[in-house]
There are 2 protein chains.
Amino acid sequence: MAEPDGTQAERDFLAQYDPRAFDPIAVTVDVVALTLRAGRLHVLAVERGGQPFAGRWALPGGFVRAGRESLDEAAARELAEETGLDAAALDRVHLEQLGSYGSPHRDPRMHVVSVAYLAFAPGLPDAQPGGDAAGAGWLPVEAISPAGQPDEARPRPFEQGRRTGAYGGGAGRRPGHDGSGGLAFDHGRILADGLERARAKIEYTPLATAFLGESFTITELREVYETVWGAALHAGNFHRKVLSVPGFVESTGETDTRPGSRGGPRARLYRAGDARLLHPALLRPDREAGVR
Amino acid sequence: MAEPDGTQAERDFLAQYDPRAFDPIAVTVDVVALTLRAGRLHVLAVERGGQPFAGRWALPGGFVRAGRESLDEAAARELAEETGLDAAALDRVHLEQLGSYGSPHRDPRMHVVSVAYLAFAPGLPDAQPGGDAAGAGWLPVEAISPAGQPDEARPRPFEQGRRTGAYGGGAGRRPGHDGSGGLAFDHGRILADGLERARAKIEYTPLATAFLGESFTITELREVYETVWGAALHAGNFHRKVLSVPGFVESTGETDTRPGSRGGPRARLYRAGDARLLHPALLRPDREAGVR
DNA sequence: CGAGAAATACTCATACTGAGAACGACATCG
DNA sequence: CGATGTCGTTCTCAGTATGAGTATTTCTCG
């Protein structure tokens, strides 16, 4: 970048655009962090301590530290604070910018522009309250977002062994159940946008693997797609497709040691390949052609 | 939305996050407005009047009016100011959010978060300086953005009749030719992101028609794709494809009256259909599978 | 009028997709 | 232990989409 002509520029600028007088807009980052727990899609949420929306769930987020961090850094910091993950664990989390929300009255206190981020995380431990939040936890998305699940019904019965306790972490109370069922501010909208982005993104990128551990079976990968898309997929065709797309997954040469829950052979294990884009893409079933 | 408990909240908030002391971040919108002129992709740019980057080209943009407009409204306003279009003409312009840019020092004066928008416009009249810009004009993207054109070479000779004067509008000077060839601030990066988004977006949406007038020929539509993608397409296959995707275009029943430049029959005319998404999509040639 | 160019249509080989079936490994139940 | 059912994996087959090339007709230009 070129060097500015500091003094002169600064004088002009500040005279015309004094932040206090003309531009009292706050900038925050909010994170839609998604993970899979017990075969259901969950989103990280915090319980608001103060007004407005006290006691309601909200997306984790906070103010960008002016002059000291980029938006990406702010999002990573907020995510780390709320999940309690260290840098190494965060490395395995995919984090991308989702979009910005800046209606003048989305926050009743002042004009706040929020830059939303979307995160895909493998199964994570219970969240922990960070910052000024009263509690934090993973919420099943279909419990909050009207657009949480696509039009379809639930994918299939799907009962995995482990605990089904959905509200992990901090508080034992269950805020957000005030009838609206929604998140604070416009976070319901942000979540819906994040979910749509996630559904679209796993079509043409290998990011579905970001929901899984180091190694996984094709069936586990298929369950990620089924859960995120909310639709059942043909197991045989999915298998063929995944193995035929170059760089999607690579074999570890090993076989799953865990016994299948209801019989069947031990599945082979794979790890994420080196592709950044899937070609050809895995398209969602239906999509009802054009018009929608 | 629920009603805030104003007073208490406001006290807490302001105590902790006084805009002046803790959060002097300015919020702007910048617009990557693309159009086709003489078979080449052009971007709307303004010549900077003051420091920093005085005399350099930059994307049109400006501060969001706190408490008075949303980000979308601010972007539409900036675009209207710079192009001089009225509301009716703007209606035919596609405008969508591109992403936000917030590195602490992207503007040397202070921390500025810029929300970038992407606009697709049909051939427009010369731009007019609006606001504090010294000049405004449509610049051929390959003249500025290193990533302006995809890896490929120029699509094909392509010489259309009219004036090739690229720098329309305001000033007769040609700023930006200081050796770097780039735009001010990080606008080169924003432009590159906008171009990539545009290339991707015309794959699965009918937005290529937004670069054309009310009615157009299949060949004109193909030229949009060729220009944006920077690659020649097979005319016959393109024709078959466009007509086979439901809702992409619909026939007007009429035939082009203008004589072809170098012979050939009069082409049939079409208008944009009602599809929002193309299915199946029109994929860019090659894309070199996975890894990239 | 003849050459060349362009709009559109057609052909053919190949690739990808959805649906279904086959087969063998494994668990659980009786 | 054997019957029964589940599940991972592979195959087959038909329908559809794609890339490349060619044919036909209608123009303009010289």
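Throughout, a chain's letter reflects where its sequence line sits, starting with A, and its residues are numbered from 1. Side chains are part of it too, since the values below use all heavy atoms of this structure and drop only hydrogens, waters and symmetry mates.
Applying the 3.5 Å distance criterion, the base of C/dG18 shares a donor-acceptor pair with the side chain of A/Arg240.
The NE2-P distance, from A/His234 to C/dA21, rounds to 10 Å in whole Å. B/Phe238 has its CZ atom 19 Å from the P atom of C/dC10, to the nearest Å. In this entry the distance linking CG of A/Asn237 with C1' of D/dG8 reads 14 Å, nearest Å. Atoms NE2 (B/His279) and C1' (C/dC16) sit 12 Å apart, rounded to a whole Å. Rounding to whole angstrom units, CG of residue B/Leu233 and P of D/dT18 are separated by 13 Å. If you take OH of A/Tyr225 and P of C/dT17, they are 12 Å apart, rounded to a whole angstrom.
Of the two residues near DNA chain C, A/Pro265 and A/Gly236, the one whose nearest nucleotide lies more 5' is A/Gly236. The residue among A/Ile218 and B/Leu283 whose nearest nucleotide of DNA chain D is located toward the 5' end is A/Ile218. For the pair A/Ala267 and B/Leu282, both in contact range of DNA chain D, the more 5′-proximal nearest nucleotide belongs to A/Ala267.
Contact of the A/Arg222 side chain with the A/Val224 side chain is not registered, since no non-hydrogen atoms from C-beta on lie closer than 4.5 Å. Under the 4.5 Å side-chain criterion, counting only non-hydrogen atoms from C-beta, B/Leu282 is in contact with B/Lys241. Using a 4.5 Å heavy-atom threshold, the side chains of B/Arg197 and B/Asp193 count as separate.
Using a 4.0 Å heavy-atom cutoff across all strands shown, B/His239 reaches sugar-phosphate atoms only and no base atom. Counting non-hydrogen atoms under 4.0 angstrom, B/Ser244 reaches nothing in the nucleic acid. A/Arg268 comes within 4.0 angstrom of sugar-phosphate atoms only, judged by non-hydrogen atoms across all strands, and of no base.
Between A/Phe248 and A/Tyr225, the angle of the ring planes goes over 60°, which puts this pair in the perpendicular group of the 30/60° scheme.
In this model, the phosphate group of D/dC7 is approached by a side-chain N or O of A/Arg262 to a distance below 4.0 Å at OP1 or OP2. Put simply, A/Arg266 has a side-chain N or O that comes within less than 4.0 Å of OP1 or OP2 on C/dA27. Between C/dC16 and A/Lys241, no contact under 4.0 Å exists linking OP1 or OP2 to a side-chain N or O.
The two atoms that bring A/Pro280 and A/Val245 nearest to each other are O-CG2, 3.7 Å, heavy atoms only.
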